Asker: 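Have a look at this one.
As a basis for the values below, the full set of heavy atoms in this structure was taken, side chains included, without hydrogen atoms, waters or symmetry mates. None of these values were measured; they are calculated from a predicted model.
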Amino acid sequence: MTKIEMFTGKGGVGKTTMSVATALQYAQSGKTLLISTDPSGSLSEIFSQPLDQRVTTVAANLDAVELTRQLVLGLWREKFADEIYTVLSSFLPVGREIIDYIEGAPGIDEEFMLDYLLTMAQSGTYRMIVWDTAPTITTLNLLFIQQLFYSHLTQAQKVYLKVKSVFNQVDPLALINKWKNLTAQIIELLQTETTAWVVANPERLPVEQALDIAGSLTEFGVGVNGFILNKMLPPEVCSTHPFWQTKFQAQQSWRRRMLLAADGKIVKEVPELLGEMRVDGFLGEVSEILRKS
Ligand SMILES: Nc1ncnc2c1ncn2[C@@H]1O[C@H](COP(=O)(O)OP(=O)(O)OP(=O)(O)O)[C@@H](O)[C@H]1O
Ligand SMILES: [Mg+2]
């Protein structure tokens, strides 16, 4: 089974940088897919080509895709819309616009983002999937909504058994079970094949949030590999001016907080670098630092 490595953390800390650098690294030893579930993802800009419509090869052994809401809902329609319409229209006087209505329900796009991840993992095409996530809360919702879905669908089975007589020709249980089975597979994928790196900058909010996220991921059952402290100021550039000296000291105290709270987990450190986030910019350097640390 394909392994999935996710990069999570507060907004702007370097999740995309670490994801792309890691994906470039993994592509050297096996076929790799880079997926972004951030609605304002930037893979298209980094690879200078549109990646929001389909999986596209961006380098040797490396494919990439940005899962936009539109792309995901299109896939949901292909997979479920006909069945849902058949069931609902068997007892309600509704037209196909009911699908547009259901499509707007909270959680549908989240569920299908992870269905896409599952499909890709099960395809057997990739050795590794590197998953660049949206900032913290959106991603945690994405995970916890699966459990919510699962328990709703269990309730739905019970409700169906009570109102069975209103359905004449169709069997909604098949649909409920299909969906429930899918959700169970997604949860299993997250709990058994997925591990996470939590990215932070050496400052109060990103560090505290990273520690919280690591706790939530563990609670959900996703293994946490460790933390990446990104944009550490190198001591040699901070020695002369009081402004940089103070900033350096502050970073070091947040670094110590992270090392203490990491509880033996790996903490990788990446310095603040010059240049741009491009394949021919500092991404190669970040790949090397991550590989060696
Ligand atoms: N080590 C570094 N040195 C210098 N600049 C960096 C470094 N890491 C990231 N950056 C820059 O910081 C900015 C934010 O990085 P990135 O986009 O990877 O963060 P993100 O966590 O994915 O953000 P978002 O939450 O918006 O998706 C980018 O402009 C990136 O080029
Ligand atoms: Mg990003």
Side-chain angles (χ1 to χ4, degrees), residues 1-10 13-27 29-38 67 110-111 113-124 126-150 182-200 206-230 257-270 286-287 289-293:
M1 184 81 170
T2 308
K3 293 279 174 207
I4 300 173
E5 214 165 283
M6 71 188 282
F7 288 82
T8 179
K10 193 178 180 306
V13 291
K15 298 177 293 295
T16 301
T17 305
M18 302 306 146
S19 303
V20 181
T22 304
L24 289 166
Q25 181 69 47
Y26 285 149
S29 51
K31 199 153 170 65
T32 304
L33 175 66
L34 173 61
I35 285 189
S36 159
T37 54
D38 185 347
L67 294 186
E110 279 95 343
E111 165 98 355
M113 280 196 175
L114 296 194
D115 174 60
Y116 192 88
L117 203 65
L118 180 70
T119 308
M120 288 299 162
Q122 287 176 339
S123 74
Y126 301 102
R127 205 162 72 96
M128 282 300 295
I129 295 178
V130 176
W131 177 15
D132 176 19
T133 70
T136 319
I137 296 307
T138 317
T139 301
L140 289 178
N141 281 343
L142 194 70
L143 303 184
F144 283 98
I145 218 158
Q146 304 300 320
Q147 288 172 330
L148 202 64
F149 250 120
Y150 192 81
L182 170 69
T183 311
Q185 284 187 63
I186 291 176
I187 293 173
E188 200 195 332
L189 178 79
L190 294 168
Q191 293 178 339
T192 61
E193 309 302 329
T194 309
T195 55
W197 287 101
V198 186
V199 187
V207 165
E208 297 298 354
Q209 216 179 87
L211 295 169
D212 281 352
I213 307 162
S216 301
L217 288 169
T218 307
E219 185 193 330
F220 182 85
V222 172
V224 176
N225 297 316
F227 300 90
I228 300 175
L229 266 181
N230 183 33
R257 157 90 178 122
M258 170 127 270
L259 290 172
L260 270 176
D263 200 24
K265 287 201 163 61
I266 301 170
V267 180
K268 295 190 175 192
E269 296 182 36
V270 178
V286 175
S287 296
I289 294 167
L290 291 179
R291 190 178 64 81
K292 287 187 184 150
S293 54

Asker: List the atom of I213, the atom of G9, and the distance in Å for their closest heavy-atom pair.
Answerer: CD1-CA, 3.6 Å

Asker: Would you mind reporting whether V20 and T22 have side-chain heavy atoms less than 4.5 Å apart?
Answerer: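 No, every pair of side-chain atoms sits at 4.5 Å or beyond.
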
Asker: Of all residues at least two apart in sequence or in a different chain, which pass the side chain to side chain contact (heavy atoms under 4.5 Å, CB included) check with E219?
Answerer: F144

Asker: Does any N or O in the side chain of N230 come within less than 3.5 Å of the main-chain N or O of A200, such that one atom is a donor and the other an acceptor?
Answerer: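 No, N230 side chain to A200 backbone: no donor-acceptor pair under 3.5 Å.
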
Asker: Any side-chain heavy-atom pair from F227 and L211 closer than 4.5 angstrom?
Answerer: yes

Asker: Taking all atoms of both residues into account, what is the closest heavy-atom pair of K15 and K10, and its distance?
Answerer: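 Minimum heavy-atom contact is NZ-O, 2.8 Å.
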
Asker: Could you measure the distance from the CE atom of M120 to the CG atom of L114? Nearest 0.5 Å is fine.
Answerer: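 Interatomic distance, M120 CE to L114 CG, rounded to 0.5 Å: 13.5 Å.
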
Asker: If you round to the nearest 0.5 Å, how far is OG1 of T195 from CG of N225?
Answerer: 3.5 Å

Asker: Ignoring hydrogens and angles, state whether a donor on the side chain of W131 or E5 is under 3.5 Å from an acceptor on the partner side chain.
Answerer: no

Asker: Does V198 reach the side chain of F7, with side-chain heavy atoms less than 4.5 Å apart?
Answerer: no

Asker: Would you mind reporting whether L229 and L259 have side-chain heavy atoms less than 4.5 Å apart?
Answerer: no

Asker: In Å, rounded to the nearest 0.5 Å, how long is the span from NZ of K268 to CZ of R291?
Answerer: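 Going from the NZ atom of K268 to the CZ atom of R291 covers 10.0 Å.
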
Asker: Do the side chains of V286 and M18 get nearer than 4.5 Å, heavy atoms only?
Answerer: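 Heavy-atom side-chain distance check passes, below 4.5 Å.
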
Asker: Does some side-chain heavy atom of K265 sit less than 4.5 Å from a side-chain heavy atom of V224?
Answerer: yes

Asker: Would you say the side chain of V199 lies within less than 4.5 Å of the side chain of T8, judging by non-hydrogen atoms?
Answerer: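 In short, these two side chains do not touch, never coming nearer than 4.5 Å.
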
Asker: Kindly write out the residues that satisfy side chain to side chain contact (heavy atoms under 4.5 Å, CB included) with A196, not counting sequence neighbours, or none if the list is empty.
Answerer: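 Checked A196 against side chain to side chain contact (heavy atoms under 4.5 Å, CB included); matches are M6, L217, V222.
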
Asker: Just by distance, do the side chain of K31 and the backbone of R127 share a donor-acceptor pair under 3.5 Å?
Answerer: no

Asker: Identify the two heavy atoms, one from T32 and one from A23, that lie closest to each other, and give their separation to 0.1 Å.
Answerer: CG2-O, 4.0 Å

Asker: So D115 and L182, side-chain contact (heavy atoms from CB on, under 4.5 Å) or not? Walk me through it.
Answerer: CA-CA 7 Å; D115 174 60; L182 170 69; 2.9 Å; yes

Asker: Just list the side-chain donor-acceptor pairs under 3.5 Å for residues 186-194, sequence neighbours left out, or say none.
Answerer:
| residue | atom | partner | partner atom | Å |
| --- | --- | --- | --- | --- |
| Q191 | NE2 | F220 | O | 2.7 |
| T192 | OG1 | E188 | O | 2.7 |
| E193 | OE1 | K3 | NZ | 3.0 |
| T194 | OG1 | L189 | O | 2.9 |

Asker: Quick check for you: to the nearest 0.5 Å, what is the distance between Y26 atom OH and S287 atom OG?
Answerer: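 OG of S287 is found 11.0 Å from OH of Y26.
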
Asker: Kindly compute the distance separating CD1 (I228) from OG (S293), expressed to the nearest 0.5 Å.
Answerer: 7.5 Å

Asker: State, to 0.1 Å, how close A121 and I4 come at their nearest heavy-atom pair, and which atoms those are.
Answerer: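 Heavy atoms of A121 and I4 come nearest at CB-CD1, 4.3 Å.
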
Asker: Begin with the C-alpha distance, continue with both residues' side-chain angles, and end with the deciding distance and a verdict on side-chain contact (heavy atoms from CB on, under 4.5 Å) for L117 and I129.
Answerer: CA-CA 9 Å; L117 203 65; I129 295 178; 4.1 Å; yes

Asker: Mind checking whether L34 and S19 have side chains closer than 4.5 Å, heavy atoms only?
Answerer: yes

Asker: Does the T2 side chain pair with the main chain of Y126, one donor and one acceptor, at a distance under 3.5 Å?
Answerer: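 At least one qualifying donor-acceptor pair exists.
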
